[in-house]
Enquirer: 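Please see the structure below; I have some questions.
Order of the sequence lines fixes the chain letters, A, B, ..., with proteins taken first and strands second; residue numbering starts at 1 for each chain.
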Amino acid sequence: MGWLTLLVFSPIVGIVLLLLVPSTQAKLQKRIAVICSILPLIMSIIVYQQFHSGADLSIRVPWISFGQYPFSFFVEYELGVSGFSLVLLLLTAVLMIVSMVTATMQIKKGWKQYALLTLLLEIGILGVFASQNLILFFIFFELTLVPMFLLIGKWGGMEKERAAYSYLLYNGIGSAILLIVIIVLFANVGSTNYEAIANASLSTELSMGLLISLLIAFGVKLPIVPLHTWMVRVHVQAPPALVMIHAGVLLKIGAYGLMQFGIGFFPASFQDIAPVVAILGLVNLLYGACIAFVQKELRSLFAYSSISHMGIVLLGIAAMNEAGLQGAMFQTISHGLIAALVFFLIGVVKEKTETTYITRLGGLSRTMPLTAGVLLAVGLASLGLPGMSGFVSEFMTFLGIFESMPVIAAIGTIGIILTAAYILRAVMDITFGKEVLAQQGIADLQGKEWIPVSIMLGLILLIGVFPTSLTHSIQTSVEAIVLRIGG
Amino acid sequence: MDMETLLAYDWGIMAPEFTIVIIATLLSLLDLFLPHSFHRKWLSVFAGVGILVAFVFTLSQLGQEADMILYDTYRLDLFATSFKLLLLIGAGLVLGLSASYHRKREQGEFYYLLLTALLGAMMMASSADLITLFVGLELLSISSYILAGIDKQSLKSNESAMKYVINGGMATAITLFGFSYLYGLTGSTQLTTISEILPSLIRTPAQGLLIMAFIMTFVGLAFKISTVPFHMWTPDVYEGAPIPVTAFLSVVSKAAGFIILLRVFLTLFGTLEGLRLNETFMQSMALWIGVLAALTMILGNILALRQHNMKRLFAYSSVAHAGYLLVPVVALSTLTLENIWFYLLVYMFMTVGGLAIIYVLYEKHGTLDLEMFSGLYKRSPALAILMTIFILSLAGIPGTAGFIGKLNIILGALSTDPAPIVLVSIMIAATVLSYVFYFGILVQIYFRSNPFQVTIKVPIVMKTTLWICAIAIIGLGILPNLALDFYHHYVDLINVTEMLWMRG
């Protein structure tokens, strides 16, 4: 079976146990869901150990065969990890626990179904990062679609169904384009194994066409402006516990896909369109930051902030050198943690004050000093304060992009200033703004709420202070890609 | 024909057909002579046994050498056997769907009409002659016309039968007209002989007539598989006919349409030299069929968007699926037959499953409106999850057999020639479009609430049918090689070129 299979399908344990518990026993259900969500983390830590001790984790089992000899097409069930996907697997497992704990506090109705769908979603996300075969990747990728649709549409805010549909259609179109790319590759290469495709020689025109299609397909997911409207809607409408996963790891599939497939399969063509990617990144960075600056509502502010931060990922990828790629991967992980923590805090604030409008949250530092404090901390991490994870990723990305495209890098630095401006405006308004919140009766962070906060803040600081804890893993992926660009 | 020649034929070839004939005759006699107190729903058991026996006979014929009887008009080859299995599975599922709600105790004709229609379809699969083929087609059609109007007291059912007869009659006439051209050009109705003479007509003045014959036959057959331009009858007939008949029309009848299409077109035009150099006749015509396929997929899915009546929605969905199934016919490759076979198999399970749940809810609420699904998850979680499986498979979401079917079709289309990429893109775009109405059903099931909190009881036969469909869809979605290996193992002799058995 192999550890990876066990890891990917470990959420099934939770699903089965939850199905066995009668729906009246809410407390037991919550306990089971949280405990079972720890299982994938244990498995991914084992995988991490194995990977770093040099064990071969990959599995390859024949699965589907289409057609007959000599015109047959084989699809194998193939799992494997690289340094980068390993870290993403860990991130998924961690954020899942955190999100599940959050959900026990914030999801009131239909808890069992919520937990079942989230666990199903987790299988999809873990599978995406662990597959080594495009068809398998696609199946897991689409496996996230249905649970997300139902989760947004059932547990979301006022316009939940509209958000669910816009999620479905944008991502449906994205995956449709991805499917065409996959099948064209399948028909041309005769296999959908990552390595086989990377080693195949395709004509320049075909590679370019496929690469552009990939850019659109993953551009929807990342998202790249102007394909971002669905993502803002989902951030605003979906329950915060779900947005933690969505912003934390689900969107990161876009970044992962661009690096693993975009550069991995078509390094030469990617070199040709790198300036375009860089400009797209710049647009993301500046557009996201500018729009974030004028938002009055916390969730949409941080949605645009996510767009802006994904611009940095694009810049890092476009740099096409070691520092840039390292920065992009770093930013992917770091932003995953930051976004999850931000949306956890927004969830807490929304629960207790019943608003997320910045102007109505003035004086939060008086009523909920701890929440406001953590919000300030994560805001600082987000704008790249040294000692936090955001700094390392931005530093490395810009190091990379200055080396290959100095002009774009120079313009990009404006984005960093803008980030500081909109984050500080929001945080200052909330903490030190005009006091509008009633002082009494609002409880601050307490009890169980400290679990998510301490895990995520701890990791943000850990990565910020000891970046090697992360580079140690992703270095192999970076080197592999750099080798392909160079060769 | 004297007795000796008759006895010399290997009649074992027709064992499945004989079984069906015998059971159908037996059922009609039983229906005639049994007292009124005997509930006619028990006839379904006989019909079921008949289908099962025919299925076993057909299975035993797998791997046999191809053989022809009756002056080369009736042919048993792997093509015929593999598709007959599909027809029998489809008919068995329809029977499982119909048996549960049989209220009029004295009406038993449904069962033997179902069997005669099935017989017609099976004859079409085996025919090697235009006349045999046409007789099969008519047997299927006429039985289906009566089936559509079997609910004698219902105005809608009568209207449906009437529309079906008129439209169907027209389409049959056009098909026959096309056949008459083929006969006129070659002087034979035997497919082998026709295919031997046709090459001599290319690049002669008769070529124009050949194109006419092709178009006429295709357009006529488009009726059976309900593709543009002959799709208009589908929603009306599906809506009026009783649900088991709707299921029969969209599953068995459609499969039969594809069988005849493949049989005639691949044998006659598959390797025939085309209008331009270095292409086959099918390739010369591919553009036109491609346009029809694209229109079918787009129109089917767009019109389905606006439907609230579940039967009409399934009708348009069935039109759209016919479009997907035409893609392999346009982009002929070594995978074509496997594509169509597998997709039809999957399509049977998901359509019968979906219609079965609609049937259960219709019996409960007496309405066919989309809102019949509202709050289904609260009322019956099991039905809700089953319906979710069928819907996701119809929408082609990975993890279900519907996805593997589509993947197989797309792969087949692009495997030899990159040109069908446009058609494939349209197919994928149409699939995404279809998400809107398929997920609309999920919205009703999970997000809406229903004021009537009644529990739903499902009859045991229906329950079994539903679970068979669901398990098949998930099973084939995760391990598609359960069916594909079976196909590869037995049917490895036929691919598009070898299908052209007549040409030596």
Enquirer: Find the one option among A:Gly172, A:Gly110, A:Gly153, A:Ala187 whose heavy-atom pairs under 4.5 Å with chain B are most numerous.
Expert: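 Heavy-atom pair counts peak at A:Gly153.
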Enquirer: Taking side chain as everything from C-beta outward and backbone as N, CA, C, O, which of these in A:Ile135 sits under 4.5 Å from a heavy atom of chain B? Side chain, backbone, both or neither.
Expert: side chain
Enquirer: Let me know if A:Tyr165 has heavy atoms under 4.5 Å from chain B in its side chain, its backbone, both or neither.
Expert: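 Just its side chain gets close to chain B.
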Enquirer: How many angstroms lie between atom CZ of A:Phe66 and atom CG of B:Leu335, to the nearest 0.5 angstrom?
Expert: 9.0 Å
Enquirer: Consider only side-chain N and O atoms of B:Tyr446 and A:Gln113, and report whether a donor and an acceptor are under 3.5 Å apart.
Expert: no
Enquirer: Measure the CD1-CG distance between B:Ile428 and A:Leu178 for me, rounded to the nearest 0.5 Å.
Expert: 10.0 Å
Enquirer: Within a reach of under 6.0 Å around NZ of A:Lys109, are more than 12 heavy atoms found that belong to other residues, nucleotides or ligands?
Expert: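 At most 12 heavy atoms, drawn from other residues, nucleotides or ligands, come within 6.0 Å of this atom.
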Enquirer: Which atoms of A:Phe149 are under 4.5 Å from chain B, going by heavy atoms: the side chain, the backbone, both sets, or neither?
Expert: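 When you check distances to chain B, atoms from both the backbone and side chain of A:Phe149 fall under 4.5 Å.
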Enquirer: Of all the heavy-atom pairs spanning A:Ile64 and B:Asn481, show the shortest one and how long it is.
Expert: CA-OD1, 2.9 Å
Enquirer: B:Phe447 and A:Leu150: side-chain contact (heavy atoms from CB on, under 4.5 Å), yes or no, with the steps?
Expert: CA-CA 8 Å; B:Phe447 301 165; A:Leu150 293 174; 4.1 Å; yes
Enquirer: Which pair of non-hydrogen atoms, one from A:Trp63 and one from B:Ile478, has the smallest distance, and what is that distance?
Expert: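 Result for this residue pair: NE1-O, 2.7 Å.
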Enquirer: Using a 4.5 Å heavy-atom cutoff, which residues in residues 395-405 of chain B come close to chain A?
Expert: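 The stretch touches chain A at B:Ile397, B:Pro398, B:Gly399, B:Phe403, B:Ile404.
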Enquirer: I need the B:Leu407 CG to A:Ile183 CD1 distance, nearest 0.5 Å.
Expert: 4.5 Å
Enquirer: Is A:Phe140 close to chain B through its backbone or its side chain, or both, or neither, when contacts mean heavy atoms under 4.5 Å?
Expert: neither
Enquirer: For chain B, find which of A:Val184, A:Val146, A:Leu143, A:Val75 contributes the most heavy-atom pairs closer than 4.5 angstrom.
Expert: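 Of the options given, most contacts go to A:Val146.
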Enquirer: So what's closer than 4.5 Å to chain A heavy atoms on B:Leu484: side chain, backbone, both or neither?
Expert: side chain
Enquirer: Which atoms of B:Phe342 come close to chain A, meaning under 4.5 Å heavy atom to heavy atom: side chain ones, backbone ones, both, or neither?
Expert: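 When you check distances to chain A, no heavy atom of B:Phe342 falls under 4.5 Å.
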Enquirer: Give the intermediate values and the outcome of side-chain contact (heavy atoms from CB on, under 4.5 Å) for residues B:Asp485 and A:Ser65.
Expert: CA-CA 8 Å; B:Asp485 276 347; A:Ser65 61; 4.0 Å; yes
Enquirer: So, taking the atom named CG in B:Leu414 and the one named CG in A:Asn188, what distance separates them when rounded to the nearest 0.5 Å?
Expert: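 Rounded to the nearest 0.5 Å, the CG-CG separation comes to 8.5 Å.
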Enquirer: So which heavy atom on A:Phe73 is nearest to which on B:Ser415, and how close?
Expert: CZ-CB, 3.6 Å
Enquirer: Which residues from residues 430-444 of chain B are near chain A, with near meaning under 4.5 Å between non-hydrogen atoms?
Expert: B:Val432, B:Tyr435, B:Val436, B:Phe439, B:Gly440, B:Val443
